[in-house]
Amino acid sequence: MPIPTHHTPLTPAVLHILLALSAQERHGYGIMKQVEEDSQGKVKMGPGTLYGSIGRMIDAGLIRESDKKIDPEMDDERRVYYVITAVGKKALAAELQRYDDVVTLAKTKTILTFTPAYGF
Amino acid sequence: MASDRTPSRYRKLYAALLRFYPKPYRTRYAEGMEQTFSDLSREHAEAGERLLPFALWAFTDTFIGILRENVSSLFSILTMHAKNILRPALGSALLLLIPLIAMQYTREVNWTGSDFAFMGILLFGTGLAYELIIARSRNTLYRWAVAIGILTAFLLVWVNAAVGIIGDGPVNLLYFAVIAVGGLGAIISRFQPRGLAITLFAAALTQLLVPVIALILWAPPAIDWSPGVLPVFMLNACFAAMFAGAGWLFWHAARA
């Protein structure tokens, strides 16, 4: 079954949020730190950018709010967690496939002669 | 090491900034944003870093988000009310064609650009007010009351601007008090039928008081009272009766 592509291309912020949530559900601060780690500091989002993207992603059905719970690694405050949906997983897979296709094309045209940092 | 009080001071400022988001957005995300900001500022404080550069960056990022969400919200409102805006716009344009076409065939009609602009704004504003107010209720009495009230206000402004009610002097500026009473009363009453009834009765009373005040301050021949004191009072009585009629309809709409 072909991967749906109607959500591609994704903005860098949306892509990294989906990547951050692909392994586990996270709260806002957790998403920010994971995105910073995944991008090796190249992508830094402020709360305004993060939650603006979260709002649009929830409206698009890519992620949803999960339970409000305490993060044992932080403090006693209850935080809203976000989780990727099935639609979000498909959109992420489609975007990564698109990147893979572009890198493969670049290699065949000998534009790209080294392995990129993210290991595609 | 940063003072323990500084993160909480910045958090309070950040919480105040979040109030500028549109209400639906604020309801959903303000708490999370505040927590995230607090987590980040604590992280910077524990690392021994100055909080001001971080706070400036976070505030700027959030301010841009505020602008974006408010523009998006305004666009949604305009889209939702597109028909309410297009109908009076088209209606005004069609009505303005009448004097425009007439001017091609007779010199009796001679409108300047500012005449068209004034009438266009008046027609569009009247139509838009009607569309937006009746959207608040499906009650037939309410809608008729809105129609009569707004039509009366339109006629009052038009007649006053075109020829004047008490002669054609600046004394006619007193009639802005009638429009002010109606407008302010409608806003204060939040367009609820009972409040609008009281507003329209107050507007009717104000309408009747204007020529009385004018007569006390500028009895003839101090100013021109053409076509005559009695006709002026009769015309004002007609306007007052229309406002009162609209008020009566609102009163019964409130009881329905």
> For Leu40(B), is it the side chain, the backbone, both, or neither that has a heavy atom closer than 4.5 Å to a heavy atom of chain A?
Replying inline: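 The answer is both parts of Leu40(B).
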Candidate polar pairs, chain A side and chain B side, donor-acceptor under 3.5 Å:
{"residue": "Tyr29(A)", "atom": "OH", "partner": "Glu43(B)", "partner atom": "OE1", "Å": "2.3"}
{"residue": "Lys33(A)", "atom": "NZ", "partner": "Glu43(B)", "partner atom": "OE1", "Å": "3.1"}
{"residue": "Lys33(A)", "atom": "NZ", "partner": "Glu43(B)", "partner atom": "OE2", "Å": "2.9"}
{"residue": "Gly48(A)", "atom": "N", "partner": "Asp61(B)", "partner atom": "OD2", "Å": "2.6"}
{"residue": "Thr49(A)", "atom": "N", "partner": "Asp61(B)", "partner atom": "OD2", "Å": "3.0"}
{"residue": "Thr49(A)", "atom": "OG1", "partner": "Asp61(B)", "partner atom": "OD1", "Å": "2.4"}
{"residue": "Tyr51(A)", "atom": "O", "partner": "Tyr25(B)", "partner atom": "OH", "Å": "3.3"}
{"residue": "Tyr51(A)", "atom": "OH", "partner": "Gly32(B)", "partner atom": "O", "Å": "3.1"}
{"residue": "Tyr51(A)", "atom": "OH", "partner": "Thr36(B)", "partner atom": "OG1", "Å": "2.9"}
{"residue": "Gly52(A)", "atom": "N", "partner": "Tyr25(B)", "partner atom": "OH", "Å": "3.2"}
{"residue": "Lys68(A)", "atom": "NZ", "partner": "Glu31(B)", "partner atom": "OE1", "Å": "3.1"}
{"residue": "Lys68(A)", "atom": "NZ", "partner": "Glu31(B)", "partner atom": "OE2", "Å": "3.1"}
{"residue": "Asp75(A)", "atom": "OD2", "partner": "Arg42(B)", "partner atom": "NH2", "Å": "3.2"}
{"residue": "Glu77(A)", "atom": "OE1", "partner": "Gln35(B)", "partner atom": "NE2", "Å": "3.2"}
{"residue": "Arg78(A)", "atom": "O", "partner": "Gln35(B)", "partner atom": "NE2", "Å": "2.9"}
{"residue": "Arg79(A)", "atom": "NE", "partner": "Asp39(B)", "partner atom": "OD2", "Å": "3.2"}
{"residue": "Arg79(A)", "atom": "NH2", "partner": "Asp39(B)", "partner atom": "OD1", "Å": "2.5"}
{"residue": "Arg79(A)", "atom": "NH2", "partner": "Asp39(B)", "partner atom": "OD2", "Å": "3.1"}

> Does a sphere of radius 6.0 Å around CZ in Phe63(B) hold more than 12 heavy atoms from other residues, nucleotides or ligands, not counting ones at 6.0 Å or beyond?
Replying inline: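 Result for CZ/Phe63(B): open.
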> Checking Ile58(A) against chain B: side chain, backbone, both or neither under 4.5 Å from a heavy atom?
Replying inline: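 Looking at Ile58(A), just its side chain touches chain B.
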>> Less than 4.5 Å to any heavy atom of chain B: does that hold for the side chain of Met45(A), its backbone, both, or neither?
In response: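 Only the backbone of Met45(A) comes within 4.5 Å of chain B.
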